[in-house]
Q: 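Take this structure first; my questions come after.
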Amino acid sequence: MLADLLKSNDKIFKLVCGAGNECVQDVERLTYLYSKAGAQFFDICAKPEILKAAKDGINKSGIANDRYICVSVGMRGDPHIFKANINDELCTECGACEKVCMQEAIKDNKINSEKCIGCARCKNVCPNDAIYMTEHDIDLKKVLPELIKMGIDCIELHATSIDDEDVKEKWDIINNLYDGIVSICIDRLNLGNRQVLDRLTDMLSARAPYTTIIQADGIPMSGADDEYKTTLQAVAMAEIIQDAKLPVYILISGGTNSKTATLANLCNIKYNGVAIGSYARKIVKQYVNDADFYEPKVFDKALSVAKNLVESIG
Ligand code: SF4
Ligand code: SF4
């Protein structure tokens with residue numbers, strides 16, 4: 001049970017496949033690889049076909065026993081529900097966006113929206129302002145019952161919006177539909193420290209002690225580099241949650257990499273685990289996208305890289 005894992009002293013490695021990653025092949029391969037490498041917890045987007053892909057990947061790894069799946073739910077204003085689009089009339093086909101997309105979601109000036117995770121890197125480098133983002137909100141009342149029926153271990157709400165009403169509405173829906181472990185992913189892009197803690201206190205009033213994970217998010221989708229500086233905000237956010245002494249489990253996320261655990265330990269943070277997305281996907285991307293991914297000559301290299309990262313969080 002996920003609850004037992006959280007209660008134990010084990011540090012949990014959570015692989016974040018991407019709350020906006022709707023690519024079946026990507027998710028199946030990532031979950032297979034990281035499950036083999038020792039990751040116990042997997043974060044995926046809230047879609048039945050992606051949940052199936054994650055289950056397939058984990059089952060294929062042969063270690064389905066101690067492996068847990070969390071479905072992530074975004075909300076209005078949350079970058080995780082954005083998708084990039086190209087305005088063909090403004091695009092001059094310079095190729096700059098394709099080079100910076102870590103998801104390899106852009107090819108020949110076209111965006112594969114299943115792969116796009118809404119990070120906006122492409123938008124930020126476009127010299128012609130030809131890229132715009134659109135929001136893709138989901139109907140929780142429709143999607144969650146199906147996912148719960150299929151079998152999940154956790155639901156995560158990205159509670160970063162400035163829209164208090166939207167947060168409350170989605171939080172109530174989740175709590176009414178699901179009585180398992182839930183996770184609140186929260187960052188300080190829109191909220192100050194006081195607002196973060198007020199929101200969490202409010203949300204936790206609906207929950208029994210130690211049935212909630214706080215995913216302390218530094219800077220979402222920013223962990224491309226393996227630097228201490230990149231992970232600084234993630235550790236700082238975890239410290240804010242820790243100092244508030246809330247009855248929760250803390251996972252560090254948002255700018256996480258192989259340096260996160262070292263920095264957190266130096267700062268005396270008592271974290272329960274680390275959730276790594278951008279960096280974990282980046283270091284295995286060349287193998288995961290290889291047509292021969294399942295062949296030992298490719299897979300063994302990927303496994304060695306993934307294992308090093310998983311072991312770094314101890
Ligand atoms: S750079 Fe980010 S937002 Fe742009 S297409 Fe790639 S994943 Fe999507
Ligand atoms: S960066 Fe902008 S102009 Fe260049 S290919 Fe991409 S969308 Fe087109």
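One-based numbering, in listed order, for ligands and for the atoms of each. In this text the structure is predicted, and so the values were computed from the model without any measurement.
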Q: Which residue and atom name correspond to the protein heavy atom nearest atom 4 (Fe) of ligand 2, and how close is it?
A: Cys94 SG, 2.3 Å
Q: Taking all non-hydrogen atoms of both residues into account, name the closest pair between Ile44 and Leu51 and its distance.
A: CD1-CA, 3.5 Å
Q: Look at atom 3 (S) of ligand 1 and say which protein heavy atom is nearest, naming residue and atom and giving the distance to 0.1 Å.
A: Ala120 N, 3.2 Å
Q: Does the Asn112 side chain pair with the main chain of Glu114, one donor and one acceptor, at a distance under 3.5 Å?
A: yes
Q: Identify, by atom number and element, the atoms of ligand 2 in contact range of Asn128, meaning under 4.0 Å from any of its heavy atoms.
A: 3 (S)
Q: Before accepting this row, confirm whether a basic side-chain N of the pair Lys60/Asp56 lies closer than 4.0 Å to the acidic partner's carboxylate O.
A: no
Q: Among protein heavy atoms, which lies nearest atom 2 (Fe) of ligand 1, and at what distance?
A: Cys119 SG, 2.3 Å
Q: Within the 4.0 Å heavy-atom shell around Ile106, which atoms of ligand 1 are there?
A: 5 (S)
Q: Of the protein's non-hydrogen atoms, which lies at the shortest distance from atom 7 (S) of ligand 1, and what is that distance?
A: Ile117 N, 3.4 Å
Q: Is ligand 2 less than 4.0 angstrom away from at least one heavy atom of Val125?
A: no
Q: Do Asn257 and Glu227 meet the criterion of a side-chain donor-acceptor pair at a distance under 3.5 Å?
A: no
Q: With distance as the sole criterion, is a donor-acceptor pair present between the side chains of Asn268 and Lys270 under 3.5 Å?
A: yes
Q: With heavy atoms of Ile131 as the reference, note each atom of ligand 2 found under 4.0 Å away.
A: 7 (S)
Q: Given the ring of Tyr271, does Lys11 sit roughly above its face, with NZ or CZ under 6.0 Å from the centre of the six-membered ring and within 45° of the axis?
A: yes
Q: To check your reading of the model: name the closest protein heavy atom to atom 8 (Fe) of ligand 1, its residue, and the distance in Å.
A: Cys116 SG, 2.4 Å
Q: Cys122 heavy atoms, cut-off 4.0 Å: which ligand 1 atoms fall inside?
A: 1 (S), 3 (S), 4 (Fe), 5 (S)
Q: Ring of Tyr132, cation from Lys83 - is the NZ or CZ under 6.0 Å from the centre and inside 45° of the axis?
A: no
Q: Could you tell me if the side chain of Leu2 sits less than 4.5 Å from the side chain of Leu6, heavy atoms only?
A: yes
Q: Write out the residue and atom name of the closest protein heavy atom to atom 6 (Fe) of ligand 1, then the distance separating them to 0.1 Å.
A: Cys101 SG, 2.3 Å
Q: Taking N, O or S atoms only and a limit of 2.8 Å, check whether Cys97 reaches atom 2 (Fe) of ligand 2.
A: no
Q: Taking only heavy atoms of Thr92 into account, list the atoms of ligand 2 that are under 4.0 Å away from them.
A: 3 (S), 8 (Fe)
Q: Which one holds for Val100 and ligand 1: side chain close, backbone close, both close, or neither close, with close meaning a heavy atom under 4.0 Å?
A: neither
Q: Looking only at heavy atoms, is any part of Asn109 under 4.0 Å from ligand 2, and if so is it the side chain, the backbone, or both, or is it neither?
A: side chain
Q: Where the side chain of Asp292 meets the backbone of Lys297, is there a donor-acceptor pair that is under 3.5 Å apart?
A: no
Q: Of all the atoms in ligand 1, which lie at a distance below 4.0 Å from a heavy atom belonging to Gly118?
A: 3 (S), 8 (Fe)
Q: Quick one: look at Glu93 and ligand 2, take heavy-atom pairs under 4.0 Å, and tell me if it's side chain, backbone, both or neither.
A: backbone
Q: Would you say the side chains of Ser258 and Ser312 form a donor-acceptor pair under 3.5 Å?
A: no
Q: Any salt bridge between Glu156 and Lys14, counting N to O under 4.0 Å?
A: yes
